[in-house]
Amino acid sequence: DGKVYFEGEDLAGMDDKEWRTIRKEMQIIFQDPFASLNPRMTIGNMLMEPMRVHNIVPNSELKDEAKRLLDMVHLPHDALGRYPHQFSGGQKQRLGIARALALRPKLIICDESVSALDVSVQAQILNLLKELQEKLGLSYLFISHDLNVVHYISDRVMVMQAGKIVEVGEANQVLHHPSHEYTQTLVAAVP
């Protein structure tokens, strides 16, 4: 229930042509890096296909752009000829980030994007996301149940209960001085 606006435009009211244009401005990094990559595509094809479809760079520059994306997520260029099963979980999540960046979006939705990773790899991915945000001027919609992760990555926080927004504000305010009873319960439960 409700409306979703992106840069002042109601997303529900868009036609197919408008959606195609705006879709490249918003990308997603999924929770499960194992299931979110096509096992039949090389990493190079996975990164170059969306850039080809959306004319991000000329075809002659696709491979160089794919290498640039790998550099951004700190993976070697030889990854282009490999398949997803040849990477660890953290590397797969880095590939998912590179894929999201391929279309040069303004907004990336991070849907529990570190919850399937162990704690040390989580920290690496969170640091990478912060680095990319500063470098590229990205906005993230970061969805998580882990309040420590939320506090580390977020400037503003929205707390939802049963599909309803119950509290919104600056991260420090909401997480250190929650005003809603549900938020207080969540914060009190953090080890």
Side-chain angles (χ1 to χ4, degrees), residues 4-9 11 21-34 36-37 43 46-51 54 56-57 64-77 79-80 84 87-160 165 167-176 178 183 186-187 190:
V4 178
Y5 290 90
F6 181 74
E7 296 191 323
E9 299 292 325
L11 297 181
T21 302
I22 199 101
R23 189 176 294 134
K24 74 178 186 174
E25 303 291 332
M26 301 177 286
Q27 293 296 301
I28 189 165
I29 302 166
F30 295 97
Q31 176 178 3
D32 185 353
F34 302 95
S36 66
L37 304 175
I43 301 311
M46 176 193 75
L47 294 175
M48 290 185 283
E49 181 183 51
M51 292 188 291
H54 289 277
I56 300 299
V57 295
D64 288 338
E65 184 66 10
K67 288 178 182 178
R68 189 181 74 80
L69 290 168
L70 290 175
D71 288 340
M72 291 173 74
V73 297
H74 310 296
L75 289 174
H77 293 175
L80 292 177
F87 296 89
S88 70
Q91 290 172 321
K92 286 179 184 178
Q93 198 59 295
R94 288 174 185 274
L95 292 168
I97 294 167
R99 182 183 53 195
L101 293 173
L103 296 181
R104 301 177 181 169
K106 295 177 182 173
L107 171 69
I108 296 181
I109 299 167
C110 301
D111 184 11
E112 293 277 2
S113 56
V114 296
S115 65
L117 305 171
D118 68 48
V119 175
S120 64
V121 177
Q122 275 187 7
Q124 293 171 13
I125 297 298
L126 290 170
N127 288 334
L128 174 62
L129 289 171
K130 285 189 102 153
E131 173 189 319
L132 292 168
Q133 185 178 41
E134 289 174 20
K135 182 178 181 180
L136 302 173
L138 294 168
S139 292
Y140 296 131
L141 174 59
F142 200 91
I143 302 163
S144 181
H145 291 87
D146 185 331
L147 294 187
N148 289 320
V149 167
V150 168
H151 189 260
Y152 179 75
I153 200 78
S154 302
D155 297 317
R156 293 184 50 77
V157 173
M158 177 188 318
V159 179
M160 296 183 74
I165 298 168
E167 190 163 355
V168 177
E170 298 298 317
N172 283 331
Q173 178 63 36
V174 171
L175 298 174
H176 291 299
T183 309
L186 288 176
V187 170
V190 174

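Any value given below was found using the heavy atoms of this structure, including those in side chains, with hydrogens, waters and symmetry copies removed. None of these values were measured; they are calculated from a predicted model. Residues take their numbers from the sequence shown, with the count starting at 1.
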Side-chain heavy-atom pair [X], [Y] within 4.5 angstrom cut-off:
X	Y	result
Leu101	Arg68	no
Ile43	Pro84	yes
Leu136	Met72	yes
Met51	Leu69	yes
Asn127	Tyr152	yes
Leu138	Leu129	no

Working to the nearest 0.5 angstrom, can you tell me the gap between [X] [atom1] and [Y] [atom2]?
X	Y	atom1	atom2	value
Arg99	Ile28	CZ	CD1	9.5 Å
Ile143	Ile109	CD1	CD1	6.5 Å
Asp111	Asp32	CG	CG	11.0 Å
Ile56	Met48	CD1	CE	14.5 Å
Leu147	Ser154	CG	OG	10.0 Å
Asp155	Glu170	CG	CD	7.5 Å

- Going by the side-chain contact (heavy atoms from CB on, under 4.5 Å) test, name the single residue among Val157, Leu186, Leu175, Val174 that passes it with Glu167.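 It is Val174, the one option of Val157, Leu186, Leu175, Val174 that forms the side-chain contact (heavy atoms from CB on, under 4.5 Å) with Glu167.
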- Which one of Gln93, Gln31, Gln122 satisfies the side-chain contact (heavy atoms from CB on, under 4.5 Å) criterion with Ser113?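 Of the listed options, the one satisfying the test is Gln93.
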- Identify, with sequence neighbours excluded, every residue that meets side chain to side chain contact (heavy atoms under 4.5 Å, CB included) alongside Gln91.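 With neighbours one apart ignored, the set is Leu75, Phe87, Ser88.
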- Item | Contacts of Asp118 that satisfy side chain to side chain contact (heavy atoms under 4.5 Å, CB included) - sequence neighbours left out |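 Scan of Asp118 (side chain to side chain contact (heavy atoms under 4.5 Å, CB included), adjacent residues dropped) gives Ser120, Val121.
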- Task: Apply side chain to side chain contact (heavy atoms under 4.5 Å, CB included) to the pair Lys106 and Glu7, showing each step before the final yes or no.
- Result: CA-CA 10 Å; Lys106 295 177 182 173; Glu7 296 191 323; 3.1 Å; yes
- Task: Among residues two or more places apart or on two chains, list those pairs meeting side-chain hydrogen bond (donor to acceptor under 3.5 Å, both in side chains) that have a residue in residues 135-147.
- Result: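 Every pair satisfying side-chain hydrogen bond (donor to acceptor under 3.5 Å, both in side chains) with a residue in residues 135-147: Glu112-His145.
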- Item | Intermediate values then yes/no, side chain to side chain contact (heavy atoms under 4.5 Å, CB included), Leu132 and Ile108 | CA-CA 11 Å; Leu132 292 168; Ile108 296 181; over 6 Å; no
- Message: Go through it in stages, so that I can follow the logic: the residues are Val73 and Leu95, the test is side chain to side chain contact (heavy atoms under 4.5 Å, CB included), and I'd like the CA-CA distance, side-chain angles, deciding distance and then a yes or no.
- Response: CA-CA 7 Å; Val73 297; Leu95 292 168; 5.6 Å; no
- Message: Once ring pair (Phe, Tyr, Trp, His ring centres under 6.0 Å) is applied, do any residues pair with His77, and if so which ones, sequence neighbours excluded?
- Response: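 Applying ring pair (Phe, Tyr, Trp, His ring centres under 6.0 Å) to His77 gives none.
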- Task: Tell me, please, which residues at least two apart from Asn172 pass side chain to side chain donor-acceptor pair (under 3.5 Å).
- Result: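 Testing Asn172 for side chain to side chain donor-acceptor pair (under 3.5 Å), a comparison that skips the adjacent residues, returns His151.
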- Let me know which of Glu65, Gln27, His54 forms a side chain to side chain donor-acceptor pair (under 3.5 Å) with Arg104.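 The passing option is Glu65.
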- Task: Over all heavy atoms of both residues, which pair between Gly89 and Phe34 is shortest? Give the atoms and the distance, please.
- Result: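 Minimum heavy-atom contact is CA-CZ, 3.7 Å.
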- Task: Could you pull out the closest heavy-atom pair between Pro178 and Thr183, with the gap in Å?
- Result: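 Nearest pair, atom of Pro178 first, then Thr183: CB-CG2, 3.4 Å.
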- Crowded around Glu49 CD? As in, over 12 foreign heavy atoms under 6.0 Å?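 Counting other residues, nucleotides and ligands, CD of Glu49 stays at 12 neighbours or fewer.
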- Query: Got a sec, which pairs hit salt bridge (Lys or Arg N to Asp or Glu O under 4.0 Å) with one end in residues 121-134, sequence neighbours left out?
  - Reply: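 Counting only pairs at least two positions apart or across chains, no salt bridge (Lys or Arg N to Asp or Glu O under 4.0 Å) contact touches residues 121-134.
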- Task: Spell out, as yes or no, whether a donor-acceptor pair under 3.5 Å connects the side chain of Arg94 to the backbone of Leu128.
- Result: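 No, because the side chain of Arg94 does not come within donor-acceptor range (under 3.5 Å) of the backbone of Leu128.
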